[in-house]
Amino acid sequence: MIEEYFRAKTQELLAAAKLPVTDHGGLRGVHRELVVDRFLCEVLPRRFEVGHGQVHGVVHRSREADVILWDALNYPRLQLRGSTIFFAESVRASIEVKSRWSVEELDDILVKTKALRDIVTAPRINIDDALQRMQLDIAYLAGGPAPTGALAVQHRIGTAGFVFFGGQRFELKDVKAETMDHADDCWPDVLLFLEAGIVVLKEWEEREGLGGGQGELLRFDLGADALLFFTDALLRGLVARSVFVETPLDLASYQIPSLHSQPVERVSFRLTRPNPGRRYFFDDE
């Protein structure tokens with residue numbers, strides 16, 4: 001049932017994107033952004049709203065983003081005429097929407113991704129941090145080692161690309177070496193080729209501590225299930241960047257075969273930034 005829903009939704013999105021709304025290229029692009037907006041509004045938890053505009057950090061700011069997913073429950077925004085300013089602390093992900101795949105459109109996605117990746121939010125303690133510290137203190141009272149400090153690296157704002165048409169022949173081996181050398185900085189966390197049924201995920205090696213290791217780009221050929229796979233990756237990215245009272249939905253637990261697919265191609269890249277996560281220090285270290 002879940003797979004059938006997303007397969008039908010794929011056909012609906014492609015049909016809506018093909019509608020001859022106007023001959024103006026810019027207006028066609030806006031139309032397809034609205035198609036993605038409507039889909040996301042149907043599947044995202046109500047806490048996350050869909051907007052477009054610019055993300056402002058303390059030092060850096062993004063380019064104008066096609067789709068922004070932000071936490072409307074806990075943060076404000078600044079509404080301008082024709083655009084919106086979002087504070088970096090509120091933004092969980094940004095999606096660049098492209099009508100058709102091309103090298104030039106990829107370059108645009110990379111530039112906008114890097115601008116978002118350069119935004120650093122001010123360090124802050126949330127309820128998850130406080131609870132983890134309480135667990136360490138309780139473990140110490142029960143005879144464990146004494147916690148003396150922690151080093152934490154927060155997730156950067158999530159990034160994604162949504163390409164309606166083209167990309168059937170896309171392979172990671174064809175990506176320029178210069179691009180791969182800076183993939184940690186500029187490649188989006190998830191890239192969808194809707195018509196082609198391809199998804200590219202960016203992952204990094206989990207290691208003790210917060211530095212070192214390597215990243216990987218993984219290409220999946222998923223056919224009609226690409227939208228489902230993309231949505232699952234997007235939801236997991238939102239979960240990783242948010243704090244929940246209830247346990248978030250895990251689509252993979254529904255035994256959907258496509259969500260357990262293996263990549264058909266993988267390419268490694270060097271990490272240029274610390275991995276997100278926490279490392280705790282104890283008095284015996």
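Nothing here was measured: the structure is a model prediction, and the numbers come from that model.
- The shortest distance between side-chain heavy atoms of Pro188 and Leu110 falls below 4.5 Å.
- Residues Ala16 and Arg38 share a closest heavy-atom pair of CB-NH2, 4.4 Å.
- Here the CG atom belonging to Asp189 is positioned 11.0 Å from the CD1 atom belonging to Ile95, to the nearest 0.5 angstrom.
- Minimum interatomic distance between Val50 and Cys41 (heavy atoms only, all atoms of both residues): CG2-SG, 3.8 Å.
- Other residues, nucleotides and ligands place more than 12 heavy atoms under 6.0 Å from the CZ atom of Arg47.
- Using a 4.5 Å heavy-atom threshold, the side chains of Gln214 and Arg270 count as separate.
- Under the 3.5 Å distance criterion, the side-chain polar atoms of Glu105 are left unmatched by any main-chain donor or acceptor of Lys98.
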- Message: Would Leu222 and Leu228 count as a side-chain contact (heavy atoms from CB on, under 4.5 Å) here? Give the steps.
- Response: CA-CA 9 Å; Leu222 298 152; Leu228 170 57; over 6 Å; no
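- Counting only distance, with no hydrogens or angles, the side chain of His60 and the backbone of Asp118 share a donor-acceptor pair below 3.5 Å.
- Residues Val43 and Leu73 fall into different hydrophobic clusters, defined by Ile, Leu, Val, Met, Phe, Trp and Tyr side chains chained together at heavy-atom separations under 4.5 Å.
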- Task: Give the intermediate values and the outcome of ring pair (Phe, Tyr, Trp, His ring centres under 6.0 Å) for residues Phe229 and Phe220.
- Result: CA-CA 9 Å; Phe229 195 93; Phe220 297 82; 4.7 Å; yes
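- In this structure, Asp37 CG and Ile68 CD1 are separated by 10.5 Å, a value rounded to the nearest 0.5 Å.
- Between Tyr5 and Glu42 the shortest heavy-atom distance is OH-OE1, 3.7 Å.
- With values rounded to the nearest 0.5 angstrom, Ile109 atom CD1 is found 11.0 Å from Cys186 atom SG.
- A donor-acceptor pair under 3.5 Å is formed between the side chain of Glu265 and the backbone N or O of Lys173.
- Tracing side-chain contacts under 4.5 Å through hydrophobic residues (I, L, V, M, F, W, Y), one never reaches Leu78 starting from Leu116; they form parts of separate clusters.
- Defined by atom type and a distance below 3.5 Å, a donor-acceptor pair is missing between the side-chain atoms of Asp71 and Ser90.
- Between atom OG1 of residue Thr231 and atom CG of residue Leu40 there is a gap of 7.5 Å, rounded to the nearest 0.5 Å.
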- Evaluate the criterion side-chain contact (heavy atoms from CB on, under 4.5 Å) for residue pair Leu227 and Phe39; output intermediate values, then yes/no. CA-CA 11 Å; Leu227 182 64; Phe39 164 69; 3.9 Å; yes
- Item | Check against side-chain contact (heavy atoms from CB on, under 4.5 Å), Val163 and Leu191 | CA-CA 8 Å; Val163 182; Leu191 176 61; 4.3 Å; yes
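- Applying the side-chain hydrogen bond (donor to acceptor under 3.5 Å, both in side chains) rule to pairs touching residues 246-255 yields nothing, sequence neighbours excluded.
- Less than 6.0 angstrom separates the ring centroid of Phe170 from the ring centroid of Phe193.
- Considering every non-hydrogen atom in both Gly57 and Ala88, the closest pair reads CA-CB, 4.0 Å.
- Between the side chains of Arg77 and Thr84, not a single donor N or O lies within less than 3.5 Å of an accepting N or O.
- With 3.5 Å as the limit, one finds no donor-acceptor pair spanning the side chains of Thr159 and Arg117.
- Residues Val91 and Val67 do not share a hydrophobic cluster, clusters being chains of Ile/Leu/Val/Met/Phe/Trp/Tyr side chains in contact below 4.5 Å.
- A chain of hydrophobic side-chain contacts below 4.5 Å, direct or via other Ile, Leu, Val, Met, Phe, Trp or Tyr residues, connects Val190 to Leu249.
- With a 4.5 Å cut-off on side-chain heavy atoms, Glu3 and Ile256 count as touching.
- Here Ser99 contributes atom OG and His31 contributes atom NE2; the two are 9.0 Å apart, rounded to the nearest 0.5 Å.
- Inter-residue side-chain proximity for Val55 and Trp70 is flagged as unmet; no heavy-atom pair is nearer than 4.5 Å.
- Listed for the Lys202 side chain is a donor-acceptor partner under 3.5 Å among the backbone atoms of Trp187.
- Residues Leu218 and Glu203 have side chains in contact (heavy-atom distance under 4.5 Å, counting atoms from C-beta outward).
- For an aromatic pair to be called close, the ring centres must be under 6.0 Å apart, and Phe162 with Phe230 satisfies this.
- Taken from CZ in Arg63 to CD in Glu96, the straight-line distance is 10.0 Å, to the nearest 0.5 Å.
- The closest side-chain heavy-atom distance from Phe165 to Arg32 is below 4.5 Å.
- In this structure the side chain of Leu238 reaches within 4.5 angstrom of the side chain of Phe48, judged on heavy atoms.
- Under a cut-off of 6.0 angstrom, the local environment of CZ in Arg7 is crowded, with over 12 non-hydrogen atoms contributed by other residues, nucleotides or ligands.
- Counting heavy atoms from C-beta outward, Leu201 and Leu217 have side chains that stay 4.5 Å or more apart.
- Judged by distance alone, with hydrogens and angles left aside, the side-chain atoms of Ser83 form no donor-acceptor pair with the main-chain N or O of Leu80 at under 3.5 Å.
- Closest non-hydrogen pair, Ser268 versus Met180, comes out as O-CE, 4.1 Å.
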- Message: Working note: Arg273 + Arg156, criterion side-chain contact (heavy atoms from CB on, under 4.5 Å); need CA distance, chi angles, decisive distance, verdict.
- Response: CA-CA 10 Å; Arg273 304 168 189 250; Arg156 303 290 177 117; 2.9 Å; yes
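- Hydrophobic cluster membership differs between Leu235 and Ile157, with clusters built from Ile, Leu, Val, Met, Phe, Trp and Tyr side chains linked at under 4.5 angstrom.
- Contact between Ala226 and Ile198 at its shortest, heavy atoms only, is CB-N, 4.1 Å.
- Environment of CD in Glu4: sparse, with no more than 12 heavy atoms of neighbouring residues, nucleotides or ligands closer than 6.0 Å.
- Using modelled atom types and a 3.5 Å distance limit, the side chains of His56 and Gln54 yield a donor-acceptor pair.
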